[in-house]
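Beneath this line is the structure, given in structure tokens, with notes to follow.
Residue numbering restarts at 1 for every chain, and letters A, B, ... go by the order of the sequence lines.
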Amino acid sequence: MAGGTDDHGAPRAPTGTRDLLWPESWRFETMVERFRAHVEAAGYGLVQSPVFEYASVFRRGIGEHNDVVGKEMYEFADRDGQMLALRPEGTASVVRAYVQHRPVLPWKAWYAAPLLRHERPQAARYRQHHQLGIEVIGVADADLDVEVIWVAQAFLAGLGLSDYSLRIGSMGDRTCRPGYLEQLVGYLAGHEGELCDEHRVRYRANPMRVLDCKRAECRAVTVDAPKLLDHLCGDCAAHLSRVEEGLDALGIPFDLDPGLVRGFDYYTRTLFEFASGAIEAAQNALCGGGRYDGLVEMLGGDPTPGIGFGMGIERALVACDAEGVFPAAPPALDAFVVDTAGGEVARVLAPRLREAGLRADRAFDGRSMKAQMKLADRSGATVALIVGPQEAATGTVVVRPLRSGGDQEAVPASSVVDAVRAALVAVAGATAGRS
RNA sequence: GUGGGCGUAGCUCAGCUGGUUAGAGCGCCAGGUUGUGGCCCUGGAGGUCGGGGGUUCAAGUCCCCUCGCUCACCCCA
């Protein structure tokens with residue numbers, strides 16, 4: 001295959017992207033709706049920002065020294081020569097929107113958006129993926145950190161998930177981090193020759209990455225490296241303690257992880273990540289977030305605190321599959337019209353049923369009774385409404401239950417809607433009676 | 001960017017050491033006393049065996065290249 005087509009010339013979805021067809025698409029959207037209900041009940045309002053921004057928004061916010069901006073961002077000059085970038089993560093865009101519009105503080109926003117990164121696809125990782133997220137601008141209180149973590153945790157639990165864990169850490173702030181980084185770089189410089197090939201040359205650009213390196217060489221060095229959690233200033237230490245207390249108070253289990261590090265420059269203080277224990281694949285991070293008290297300023301606003309998280313919808317769905325929860329059970333039809341008498345009845349009856357608030361569909365192309373009944377069955381409809389020559393001549397419609405054992409009956413065309421409603425009630429009653 | 005695995009009907013896959021018109025299950029379509037779905041039976045449609053080149057009397061089966069998918073590293077949701 002070449003040029004975005006298969007070898008027969010038919011185009012296909014780009015590498016790392018996928019089409020979601022019914023009923024998978026239904027499940028995806030249902031998860032978004034769940035999230036909407038969950039966060040709106042906690043005071044968050046939807047924010048929608050463009051899928052592309054001036055590239056500088058991400059360069060300034062996320063920083064140059066990480067893979068997302070450095071080598072994964074879709075960046076291009078448009079026809080006017082403006083440097084634009086497809087949104088690689090959610091927070092920078094939302095904060096840019098805040099700086100531009102200055103909504104009243106505190107501003108609690110949520111979003112569900114596609115993110116694009118030119119990564120090599122693998123299990124549970126795509127070039128276009130989707131995140132559910134929240135951002136709160138204008139609150140420094142550690143109790144908000146607890147709320148934000150709760151929002152994520154309660155959502156996961158609400159999906160029915162139970163096999164996941166929470167790690168939290170702190171990135172310090174401008175008071176304590178610079179001094180710590182200096183110490184860390186000094187320490188690493190003293191062990192430069194012992195680091196892995198990659199970090200031997202890169203440790204100065206992003207020293208905290210080395211702490212996260214999985215290679216044995218780096219691990220041997222970092223065991224005794226200075227830890228940021230031991231060098232937090234008084235305010236950052238107090239903030240972290242308050243968060244831990246709050247999580248304890250809510251009964252949310254967590255692990256304090258000195259090695260929890262993120263590549264984005266904007267993070268300060270609280271950092272957290274939920275990982276699934278049920279996902280077999282390597283990519284098991286469900287949700288990552290943290291505080292970014294310096295980001296608003298970096299994007300041209302006044303110094304204003306902020307915090308948020310992003311949760312991968314695709315990953316959450318994989319976790320749901322792995323745990324056997326949140327099944328796909330799309331709604332079925334109420335009625336399916338079968339017309340073998342020329343279609344004159346079906347073309348009016350189906351719209352009338354829908355106007356009456358019923359979920360209805362019909363067959364086309366004048367197919368046989370058997371074929372139309374098959375479609376009716378496959379549609380999941382509760383009843384089939386059958387119109388043959390006999391019914392067409394007498395102005396009646398046969399109401400045939402498809403999901404229960406009841407008998408079919410012929411009713412006047414004028415009372416079909418009532419008959420369908422009665423059948424729905426009867427079936428619902430029978431179902432309730434069985435369970 | 002690096003490495004491994006795989007590419008045969010819409011889907012899941014068989015096709016042994018290269019040899020006649022490439023198969024199965026599911027799905028789809030049409031029939032099974034001339035008006036009724038689900039089960040069952042019968043029949044049918046549907047494949048340039050990812051693409052290109054090479055070896056050979058002969059390749060889905062071997063070799064090379066290429067595209068794609070997939071898994072892992074890196075990083076991340």
Gap in Å between the two P atoms, one belonging to B:C63 and one to B:G23, rounded: 25 Å
Pairing residues for A:Arg421 by the side-chain hydrogen bond (donor to acceptor under 3.5 Å, both in side chains) criterion, not counting sequence neighbours: none
A:Leu116 CG to B:C76 C1', straight-line distance once rounded to whole Å: 14 Å
Distance, rounded to the nearest Å, where A:Arg315 contributes CZ and B:C76 contributes P: 11 Å
Gap between atoms CE and C1', on A:Met73 and B:G1 respectively (whole Å): 18 Å
Partner residues of A:Lys370 under the salt bridge (charged side-chain N to carboxylate O under 4.0 Å, His left out) criterion, sequence neighbours left out: none
B/S/- contact track for nucleotides 69-75 of chain B, protein heavy atom under 4.0 Å: S-SBBBB
Side-chain donor-acceptor pairs under 3.5 Å in residues 332-340 of chain A, sequence neighbours left out?
| unit_1 | atom_1 | unit_2 | atom_2 | d |
| --- | --- | --- | --- | --- |
| A:Asp334 | OD1 | A:Arg359 | NH2 | 3.4 |
| A:Asp334 | OD2 | A:Arg359 | N | 2.9 |
| A:Asp339 | OD1 | A:Ala341 | N | 2.7 |
| A:Asp339 | OD1 | A:Gly343 | N | 3.3 |
| A:Asp339 | OD2 | A:Gly343 | N | 3.3 |
| A:Asp339 | OD2 | A:Val345 | N | 3.2 |
| A:Asp339 | OD2 | A:Ala346 | N | 3.0 |

Residues that A:Arg27 engages under salt bridge (charged side-chain N to carboxylate O under 4.0 Å, His left out), provided they are two or more places apart: A:Asp321
Set of residues satisfying salt bridge (charged side-chain N to carboxylate O under 4.0 Å, His left out) with respect to A:Arg315, sequence neighbours excluded: none
Contact letters for nucleotides 29-34 of chain B, in which S counts primed atoms plus P, OP1 and OP2 and B counts the base, heavy atoms under 4.0 Å: SSBB--
A:Arg87 side-chain N/O to B:A77 phosphate OP1/OP2 under 4.0 Å: no
Pairs satisfying salt bridge (Lys or Arg N to Asp or Glu O under 4.0 Å), at least one member in residues 107-117 of chain A, at least two apart: A:Lys108-A:Glu147
Heavy-atom donor-acceptor pair, A:Gln372 side-chain to B:U36 base, under 3.5 Å: no
Inter- and intrachain pairs under side chain to side chain donor-acceptor pair (under 3.5 Å), touching residues 372-400 of chain A, at least two apart: A:Asp377-A:Arg403, A:Thr394-A:Thr396, A:Arg400-A:Gln408
Protein-nucleotide distance (A:Ile313, atom CD1; B:C76, atom C1'), rounded to Å: 16 Å
Contacts of type salt bridge (charged side-chain N to carboxylate O under 4.0 Å, His left out), residue A:Arg262, not counting sequence neighbours: A:Glu273
side-chain hydrogen bond (donor to acceptor under 3.5 Å, both in side chains) partners of A:Glu75, counting only residues at least two apart: A:Arg59
5'-to-3' dot-bracket of RNA chain B (Watson-Crick, G-U; under 3.5 angstrom; crossing pairs as [ ]; | other strand): (((((((..((((.....[...)))).(((((.......))))).....(((((..]....))))))))))))....
Upstream residue (5' side of RNA chain B) when A:Gln131 and A:Arg400 are each assigned their closest nucleotide: A:Arg400
Per A:Met369 side chain, nearest of listed nucleotides B:G35, B:A77, B:G37: B:G35
